[in-house]
Each structure stands twice: as structure tokens, then as C-alpha cells.
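Worth knowing before you read on, the calculation uses all heavy atoms, side chains too, and leaves out hydrogens, waters and symmetry mates. For ligands, and for the atoms within them, numbers begin at 1 and follow the listed sequence.
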Amino acid sequence: MSEGPLAKPLREFPWIPPQRARQFERFGITTLEDLLTRYPKRYEDRRTFDHFPRTESEQPVCVCGTVLGVAVKRLRGGRTMVEVTLEEEMATALSPRLICRWFNVYHVQKMIASGQKLIVFGKPKERAGTLYIDHPEFEIVEGEELSIHVNRITPVYRLTEGITQRIFRGAVFRVLEELDLASLDDRLPAGLDPTPFGVALRQIHFPDSDADREAARQHLVLGEFFAMQLFVGAKRTESVSRPGRNHCGPGDLMERFHAGLPFPLTGAQHRAIAEIRADLAALCPMNRLLHGDVGSGKTLVALSAMLLCVESGSQAALMAPTQILAEQHYLNCKRWLAPLGINIALRTGSKRTESAMPLFDDGAWLDSVVGKPGAVRPATSGPQIIIGTHALLYEAAGLNNLGLAVIDEQHKFGVLQRARLIEQSTVPDVLVMTATPIPRTLTMTVYGDLDVSTLDEMPAHRGKIVTALRDTSKLPDATAFIRKELEAGRQAYIVYPLIEESDKLEAKAAAQEFEKWQKLLAPMRCELLHGRIDPAEKDVLMEKFRNGQAQVLIATSVIEVGIDVPNATIMLIENAERFGLAQLHQLRGRIGRGKHKSWCILISDATDPISLEKLNTLEETADGFKIAEADLRLRGPGDILGTAQSGLPPLKLGNLLSDQAWMRAAREAAIRLFKSDPQLDRPEHRPFRDLITGQRKLMLAQIS
Ligand code: ADP
Ligand code: MG
């Protein structure tokens, strides 16, 4: 990725045979840079080995011993087992032996022979007084090059078959010896970290001490984060330097909308709307993130922004990640905005419902709404607000006059996709909304190119939610409790996970759930809601629930978004462990919307630590930020974001959670740099421009 000496291909080294170079290439390693950024997955301190274990332990041990014998045994069912007996160096008659076993791994028996010295790493288990390690990582120690592989803190790499630790480690060692490390361009601005780049590169692979390794890691993680922040900063510079337009109307329409609401806006909503309004009016394009916990009222802010835009004569689009979500938004919009005379259309993959509103063809709509003859007229006679899935981006039709794109539930919608919007001929203003709060580190990276408005205030008079985790044996108690609440006039959601994606099975599972609950809760009225019910029918049964004709709504996770019934105070979630943490938080956000106390009952028999931590987190906190951080910890950022979808190059060393402070430092450094030299034109900044090019390449490689 760099232009310098690290760009040299491995095949240009005479001591790397072409066949080996090809093998490395298949493993994704073409250049020195590729090789040296395959950082060790762990280290073994081979200056002193562990003693042979005498008891089993969860803690892996790293021992060195001599092979006494290799046996191959046939087991029932055609399986084979290779059993290697090891004896400790300087063993006495009392020293324990260690058995290493591999099942159905044929190459092992070809590699290991009696008399060899072997280093093994794994968790010891005990049976009948004998200690075993099954499938240990191992390495054969041979005479030459001992100084590379033992007697030091030794790196262990994540490898593929055919490339052994010795080969890989040997190559890294030799390359580091041959490179003029001191001549490498620094990848951090001066003053950010004291370790020189070349030193860090050597010490991360072959550390002289744990402290040196830590210092090296700090330098390289900062470097990685800094490159990412440069990339994000460059994107930002690019997007703000494009010409935009004023997409802000006078605001009468929005005021009428607000005046018709049954509640006052929160202070945070007012603030966010003011910030967005200033962006819409400005000539450079808006790139803003609207950040706020479930139920903080983001939709209202988005609709206000869309009204401002529509009033200026441009179209506004609202994009959701799924069809169900898009339909929910469409219904909400119709409910709230159609009375203002706004023409709204739904566009999803399978549907293309032009609005029920007549198309006003001469702009009279606005005059009639705003009551100001001669007010700004829409430039087209098509829909003024278009709601759809993210697929909207890929079809130009109907978006010829797009002034504002609101993107809901942005995790699945990274930097790249947003870039696509910006590439359109007239650059629209972009507002990204989070349905789940994202951990701050991610905001700094994936959304690092955006300005941020935060809704840090919940609408007033929200009831408290109590969350309880119970196993299925407690289901009868839970049912009795629900019945009591229903008799007191409240309503309930019962949520179950989708077991099968197929239409037929889904319908069957839904029907079974429905029957079960209707029996349990008779004579209360239950209704059933799932993804395959057609929208018209869905409207009817939602209306029944909303106006209290039905007391219980049995549903799949389709109720995750958009549904708002303040009298519903109970949510029971079956097989709760099958849902993601963020999703559970979203689901729970459907209750606690009125003045009554609410109850969320999580039913689960899961015993694995991850599920338990997930469910306990929900029991303990309702704070969306804490939940988001736990989610990141449990699943890892790749999963939350799908790094490919985040549009950012992957991290090789840094950890978005534990290295947060360094991300902040890197971000600040990048911002300072762009302030002092927006285009990075100065000659001393050339290495940084190269870094951005490198990041772009990495990212493209990842997508293709
Ligand atoms: P989210 O931020 O999760 O998208 P929504 O926009 O769906 O939240 O809003 C949640 C609920 O709160 C909706 O029913 C909405 O009508 C209501 N709401 C929004 N703003 C306010 C407010 N200022 N006061 C009272 N209720 C509000
Ligand atoms: Mg929402």
C-alpha cells in the first residue's frame, strides 16, 4: 500500500523460491507490507518454558519436550488418532509425561518422529492420571536458526496450511534484517508517539521485552487509526467541497406540523432541528448524523427536515434498510404529513405504491397548504416525499430533484453507500439516523466524516420499564402476571423469533404461537402479526390493537420498529437468546411509552456465557450506549458493521473498544492536519497522501 521500500514484492527476493512466493500470494501476501502487517496472533515466551502440567487447566500451557514415541491408532467409525508422547527436558523418573493427540489429522504423523524436540501449546486435560492435550499447536525445533525461533519472546502467527510457523517467522525475520528500518517514512505526525516506525515494526514481531512490544503495538495501532482517520477526513473534505444548494424552505409547513402534534417537542429535538435547518440552508452539502436512543423521537426530527426541504421545492427521500421498515415509515408519514397535503410515495423492491393523494400538477398544493399564494413551487409534479428501501439509491427514477436524503438505521449503510448519493449530479443533503445508539468509537470512525446531532433527552412522562430474565419453567407465572395486567386494562406484546425463513413454515409457526397464546389468555383478544401478512391487513389489525379492541399482539420481530401504543406495558419475548442485543433493546423500546410502569419478560433457557451476558445486560440497563458497547464487545465490530459494509478498511491490530483513547488521539491529529493543510499539498505531507491512497485500495480490495 505504500510507495516506499515496503511496496517491494516478495518474489523479488532471491532467497524466496518462486513456489513459496506463490504460496504466500495465495495467502494474500504479495508485498513486504503485506507480510509485515500480518501481526502475530500471540507470543510465546521461549526464554523459559512452562513445566509439564500435573493437573488439567483452562489456562493453556506452552511446553518444550522430547518425542518418546509416535503411535497411530484406528478408532471405531474409521477415525484415526495420532498419539505423541513427550518427555520433559532433564526429566527424572518422577517427571510427568504428556500425551498429544490429533484425531483425523493425517499430516501430523508424517511430520513428527521420535527424538525430535517439540514445542506444544494447548489446554491440558487429565484422564486416569494421564495428562493430554488434544490438537495442540506445535512446532518442531531443529538445530539451525535457533536464535530466531527459541530463546526469545517468539511470535506465533495465524497461518494457512502449507505455511508453517518456522517458514513464516523465518521470512519475517530475514526481511526485517535486510530492510533499512530507519529509512522508513513515519506514518504518524510528529509528536504523537515517540517510537520510530521501523523500531515498532521490528518489536511487534520480535520484541525484546513485553514493554517494547506494548510500545510497538501502541505505535502501530495509532498508525492504523490515523490512516483510517485520514481517509475519513479526506472523504469529508471531498464532500464539503462539492457544490450544494439551499434546500431550506421558510418553515411554515413545519410549524403547522408541529402545531398539530399532541405533545411539545423536547429541547433536544428543537436543537437538532435547528442544526439541520442551518445545514439545509447552507450552500455546502449537509452530512449529518442524528444520534439518539430508541424512543428519543428521531422520526419527528427527520420529518421536520423533510418538510423544510419539500417547502423549498425539492424532493426528500427516506430510506430504510428493509421493506417492513420502509412500510412502517410510509404509514407514519401518511398519518402525519398527508393531512398537510404532502404527496408521498412508497418505493420498495416489490412495491411501487404511488400515494393515494392526487398529484397536484401545478404547485397549488403548496399554496393551499401554506396559504401563501406564490410560495415556492415544487419543481416537479411527482411525489414530494419518497419512502423506500436503500435500493432507492440505485435507481435514478423519481429522484431527479432530490434535495434531502434521510437514511434510517444506518449500520448497514456505510461510508461507501453514502458516497454514492454524493456522486449524483446535484448533491443532496444527507441525514443519517441511528436506530440504535452506536458506541462512540464507531461514531468516530464509520461516521467520522459526519457532523453529529444528538437527542440526549427522552420525551417527558415515560413510564419505567422493569426487565426480568426467566426460564421456560416460569412461563405459567409470567402468563398469570400478564393476565393480571390485561385485566387492569393494559395491553401486551408477545414476541417469538422466526424459526424458518420460508413462507410456509413461517405461517405455520405463527399459527401455532397464536393458538397457544389465545388459549392461555382467553377470553382476551389476541391478534397475530408477522412479516407475511399483507400491508392492508396489517393496518387493520394494528388499528385494532391501537384502539384497544385487541389486548394482545403476538408478533415476530416485525414490531421492532414503528409501532407505538402507549397503553401496551408488557412485552414477553420467547427464546430471547435468539435475538441480538441491539434488537432486543429496540423491541423493548416498544413499551414504556406511556405513563404506566412497564414490564419486559425475557424467556430463555440458554446457559452459554454469551447469551447470559447479553440477557443480563438488558436486565441491568436501559442505557442504549451501554447496550451498544456490550453489543460491540460480544459480537465484535465486524459483525455489527459488517466491516465491508462500513466502507472502511479492516483493522489488523487495533481494537475499537479497548483502544478507544488512541482512536480519539488519531482523530484529533488528523483533524489538526486537515486544518493546517486541507488538500495535504505540502511536500512533507506526501506520505500521508500515500496513506490515503493505500486505504482506498485496501477498502476496494475488501469489497471486490
Ligand atoms: P426513535 O427515535 O426510536 O425513532 P420515534 O421517532 O419512533 O423514536 O418516536 C418514539 C415515539 O415518541 C413516537 O411515538 C413519537 O410519536 C413519540 N414522540 C416523539 N417526540 C415526542 C415528544 N417530544 N413528546 C412525546 N412523544 C414524542
Ligand atoms: Mg425510529
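The structure places CG of Leu431 at 4.5 Å from CD1 of Ile276, a figure rounded to the nearest 0.5 Å. For the atom pair OG1 (Thr569) and OH (Tyr493), the distance works out to 10.0 Å, reported to the nearest 0.5 Å. Going from atom OG1 of Thr617 over to atom CG of Leu469 covers 11.0 Å, rounded to the nearest 0.5 Å. Within the model, atoms CD of Gln551 and CD1 of Ile570 stand 13.0 Å from one another, a figure rounded to the nearest 0.5 Å.
Those atoms of ligand 1 with a heavy atom of Thr266 less than 4.0 angstrom away are 23 (N). Each of the following atoms of ligand 1 lies closer than 4.0 Å to a heavy atom of Thr299: 4 (O), 5 (P), 6 (O), 7 (O). Per-residue contacts place Arg593 under 4.0 angstrom from the following atoms of ligand 1 (heavy atoms of the residue considered): 10 (C), 11 (C), 13 (C), 14 (O).
Considering both main-chain and side-chain atoms, Pro264 comes within under 3.5 Å of ligand 1 through a nitrogen or oxygen pair. For ligand 1, none of its N or O atoms has an N or O atom of Leu300 under 3.5 Å away. Residue Trp336 places no N or O, backbone or side chain, under 3.5 Å from any N or O of ligand 1. Remark: ligand 1 and Arg590 share no N or O pair separated by less than 3.5 Å (distance only, no angle test).
Side-chain atoms of Gln491 do not come within 3.5 Å of backbone N or O of Leu486 as any donor-acceptor pair. Without hydrogens or angle criteria, Glu487 side chain to Lys484 main chain gives no donor-acceptor distance under 3.5 Å. For Glu275 (side chain) and Ser453 (main-chain N/O), no donor-acceptor pair under 3.5 Å exists by modelled atom type.
Aromatic ring centres of Tyr496 and Phe514: separated by at least 6.0 Å.
The closest approach between Asp293 and ligand 1 falls below 4.0 Å for a heavy atom of the residue. A heavy-atom separation below 4.0 Å is found between Ser296 and ligand 1. Residue Gln586 places every heavy atom at 4.0 Å or more from ligand 1.
Residue contacts with ligand 1 for Met433 are absent, since no atom lies close enough (heavy atoms, distance under 4.0 Å). In Leu265, the part holding a heavy atom less than 4.0 Å from any atom of ligand 1 is the backbone.
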